Amino acid sequence: MSDARDMTDAREVTSDRRPPRPPTRFDVVVIGAGHAGCEAALAAARIGCRTALVTFDRQAVARMSCNPAIGGLAKGHLVREIDALGGEMGRAIDATGIQFRLLNASRGPAVQAPRAQADKDAYSERMRRVIESAAGLALLEGEAADLFVEDGALRAVRLADGTTLQTGCAVLTTGTFLRGLMHVGSERRPGGRIHERPAVGLSDALRRLGFPMGRLKTGTPPRVLRESVDFDRMERQPGDAEPVPFSFETDVITTRQIDCHITWTNEATHRIIRDNLDRSPLYSGAITAIGPRYCPSIEDKVVRFADRERHQIFVEPEGRAHPWIYLNGVSTSLPAEVQAAMVRSIPGLERAAIARSGYAVEYDYVQPTACTHTLETRAVRGLFLAGQINGTTGYEEAAALGLHAGINAALRAQDLPPLILSRGEAYLGVLVDDLVLKGTSEPYRMFTSRAEYRLLLDIDSADLRLTEHGRRVGLVADERYARFHDRRERLERYAGFLSSARIVPGSSAACRSEAALGLRIETATTPARLLKRSDVDIDALEPCLEGAPAGSTARERRFLAARLRYAGYIERQERDLRRLEKDELRRIPENFDYRVIAGLSNEIVEKLGRARPATLAQARRISGVTPAALSLLNVYLEKARRGGARPAGRGPVRGRGTTPPASA
């Protein structure tokens with residue numbers, strides 16, 4: 001079908017004048033059933049809250065509107081962490097993936113990450129079944145149109161049909177739908193996705209409540225019919241022979257894998273794009289929002305990297321039997337006929353039939369500095385934000401934030417302590433900390449380079465770092481916890497064996513090791529010492545050892561061997577982390593008035609007052625806060641602790657909103 005018809009089919013916003021329904025009470029209401037909303041709703045319900053998940057269309061639950069894949073560098077780390085905490089994304093992709101690859105397999109463990117091509121329809125259907133069968137969770141079709149706030153606290157959510165959902169906690173996971181506007185060439189239509197209308201009322205409500213709003217942009221490439229692609233002209237990209245699962249509950253991936261392929265743009269492709277730049281809404285001025293820096297459109301690539309002769313395109317199936325192929329790398333909003341010409345200039349796509357043209361979508365977001373580290377907004381108690389509304393991009397970032405917000409909304413509803421993860425504890429901790437302290441003016445994407453303690457945050461340690469947290473909040477059930485406990489004990493037993501087993505010169509173990517490793521053992525040693533050498537591999541060493549504990553997997557043994565090899569670097573990061581934790585203990589009062597500290601510039605006072613750091617460590621990470629300012633703040637806080645100073649405070653900031661109706 002042509003994209004012109006797709007755009008025409010996008011439904012306009014209509015007002016619903018049916019009489020209001022009686023209010024319904026929920027502990028937590030989640031708005032939006034994308035990847036963030038699914039994790040938030042499941043978390044709240046599993047923790048024990050009566051939860052509602054509101055979506056335009058129950059058939060669109062966890063829809064993969066862009067790339068039909070999960071994971072990747074740093075993103076795969078986030079999925080492992082979601083799973084370790086008791087979330088759903090890892091299990092879902094393990095069950096519905098059609099190709100699995102471990103990225104950076106030849107490099108160090110800190111930057112290795114799983115990625116899987118998904119059967120997008122199967123993924124969405126599986127997640128919908130999980131949602132519909134979850135105890136205490138109601139999946140409601142409708143549009144959230146307004147928020148009722150009283151005395152700075154959320155009281156209710158009103159739907160467009162007049163239904164009032166009474167609640168003290170809501171999680172907004174609106175994706176690209178807040179005043180969404182789609183672009184294909186000069187055509188513009190309201191919508192968050194093709195055929196799906198935007199959310200306008202909720203955007204107006206957030207503005208009325210005084211939230212700092214911005215505008216971002218994302219895009220998607222054209223899809224082509226599988227039967228029209230000449231795969232023989234492309235480079236084959238198979239999956240791994242031994243796929244690495246995302247979930248710690250998945251022992252092995254046994255599903256048959258499907259090949260992906262790689263092709264390249266060329267000078268003819270670039271000429272078509274350059275000749276039509278004036279018809280691109282990115283360059284005509286029709287789009288004013290900022291797009292993702294690290295996933296630019298093909299127009300941007302051709303302009304910004306004019307010296308490049310070609311750009312790589314990943315040719316990816318959208319499902320095991322799905323008729324569409326996703327062209328990863330040619331995100332565009334050029335006119336439909338230009339897209340067709342561009343695609344057909346690429347090797348293997350000369351006869352490509354366009355199933356759906358690419359498009360760009362602009363949408364509103366809330367500057368994430370409006371949130372605390374629980375993702376609760378500062379202005380409205382009980383209102384949480386997660387996903388693209390926080391300024392992020394990507395399914396994995398959205399799901400991780402959704403899980404975090406859903407957990408904390410449920411804990412607030414039950415008057416329990418919140419869950420806040422540190423930067424040295426999880427990529428999720430880095431993600432939240434970056435957003436709420438630094439904010440973002442462009443779609444935020446997670447990278448391993450953003451984590452200063454990334455040697456501690458490898459994919460195989462996610463459960464060791466986080467599953468106890470999941471157990472504490474109520475997301476890790478007995479069976480899952482027993483499985484985790486068994487794995488932790490296996491690792492401890494095998495680590496103890498590697499450190500204590502002796503390899504004596506002339507012994508059978510030494511002779512076998514010398515033959516297998518090609519080295520001479522002249523003094524008594526241990527497997528742990530040998531594994532610190534770059535030329536000793538655990539897979540070669542392990543068969544030479546006597547008395548090794550049974551039960552550990554090859555992946556677990558490699559994890560422990562890597563820990564031994566990088567032990568010096570890991571210990572250094574652990575020392576740095578302990579110093580950070582000392583600064584985390586230096587608390588700053590919630591409504592501290594920074595104006596009372598002599599010597600702080602107006603700029604620093606403004607930055608600290610806006611970010612509202614809870615600790616000295618958080619203040620240190622705010623862009624533009626100088627070491628001198630931190631020293632003054634530290635001295636003042638120390639005097640206050642000893643009774644020599646009295647921190648002044650401002651009154652809490654209250655959100656401006658409507659009063660709930662009497663029935664709410």
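All values reported here derive from a predicted model rather than from experimental measurement. Because only heavy atoms are used, hydrogens play no part in the values below, and waters and symmetry mates are left out as well, while side chains stay in.
Checked by atom type, the side-chain pair Ser203/Asp364 shows a donor-acceptor distance below 3.5 Å. In summary, the side chains of Ser124 and Asp121 do not present any donor paired with an acceptor at a separation below 3.5 Å, with no hydrogens or angles considered. With hydrogens and angles left out, the side-chain atoms of Thr163 and Asp161 include a donor and acceptor closer than 3.5 Å. With 3.5 Å as the limit, one finds a donor-acceptor pair spanning the side chains of Ser247 and Asp83.
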Does the side chain to side chain donor-acceptor pair (under 3.5 Å) test come out yes or no for Glu299 and Ser280, once each step is laid out? CA-CA 8 Å; Glu299 298 99 294; Ser280 167; 3.1 Å; yes
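Ring geometry for His77 against Tyr427 counts as tilted: the plane angle lies between 30° and 60°, on a 0 to 90° scale.
Remark: of the listed residues Ile70, Thr250, Val79, Thr250 is the sole one forming a side-chain contact (heavy atoms from CB on, under 4.5 Å) with Asp94.
Glu397 has no carboxylate O lying under 4.0 Å from a charged side-chain N of Arg450, or vice versa, which leaves the two without a salt bridge.
The neighbour count for Arg293 CZ, taken as heavy atoms of other residues, nucleotides or ligands under 6.0 Å away, does not exceed 12.
With Glu350 contributing its side chain and Gly348 its backbone, the two residues share a donor-acceptor pair below 3.5 Å.
Looking at heavy atoms from C-beta onward, Leu147 lies in side-chain contact with Leu206 at the 4.5 angstrom threshold.
Both the sub-6.0 Å distance and the 45° axial angle are not jointly satisfied by Arg223 relative to the ring of Trp324.
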